[in-house]
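Presented below is the structure to which this report refers.
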2 protein chains.
Amino acid sequence: MADQEAEAQPAAVLVGKKPVMNYVIAVLTFFNQGINSVSVRARGSAISKAVDVVELLRRAFIKDLNVKNISINTETLEREGRKSNVSTIEIMLEKPKA
Amino acid sequence: MADQEAEAQPAAVLVGKKPVMNYVIAVLTFFNQGINSVSVRARGSAISKAVDVVELLRRAFIKDLNVKNISINTETLEREGRKSNVSTIEIMLEKPKA
């Protein structure tokens, strides 16, 4: 059971302030290591970039990339005693079966 | 058949440069008019705001809002003879059954 859970936990790429291509390469690296499920995540204004990462992957690198699921959520951050809400996105990718 | 198609076509809110709350109100207005499916769409950097709109709706207005589907895509724009690609998102919302 514990092993199954460990296997079900996919690799994650957290999209932030770096250029889109950096994250594209991070996903490709996971796929090339034989990891077939990669989750692309972002918060706040980086959400648009996470979508760019997936679309660039699909357009330029892996034509039949499988976008398995997209989910959105809210995280509550506490900074200097003030709570603020930030939107998040998680895009689950699967390497197509060669 | 034509009638069915017209009915299946949901109302759409295109998220752009206005404040998040404007789009939240647009969705709520559709729901209050008896339209049960609303699609929230955005392009490029407005994608993050589209997610904010849905999350604010869910957090503050309609707790059991049904996020039916989220899809991403690429649109090719041609401006001054140059082609450029822009990512898009479409978030399908359904009013919960009261």
Checklist line | Single-linkage hydrophobic cluster B:Ile35~B:Phe61, side-chain heavy atoms < 4.5 angstrom | finding: yes
Notebook entry, point to check: Do the side chains of A:Arg58 and B:Ile72 get nearer than 4.5 Å, heavy atoms only?
Noted result: yes
Note to self: Between A:Ser45 and B:Ser48, is there a side-chain donor-acceptor contact under 3.5 Å, judged purely by atom types and distance?
What the structure shows: no
Notebook entry, point to check: If you count heavy-atom pairs under 4.5 Å with chain B, which of A:Ile89, A:Val54, A:Asn73 comes out on top?
Noted result: A:Asn73
Notebook entry, point to check: Going by distance alone, is a donor N or O of one side chain under 3.5 Å from an acceptor N or O of the other, for A:Glu55 and B:Ser87?
Noted result: no
Checklist line | Joint hydrophobic cluster, B:Ile62 plus B:Met21, side-chain heavy atoms closer than 4.5 Å | finding: yes
Notebook entry, point to check: Can you tell which of A:Val86, A:Val67, A:Asn85 has the highest number of heavy-atom pairs within less than 4.5 Å of chain B?
Noted result: A:Asn85
Notebook entry, point to check: Applying the 4.5 Å side-chain criterion to the ILVMFWY set and letting contacts propagate, would A:Ile70 and A:Met92 be lumped into a single cluster?
Noted result: no
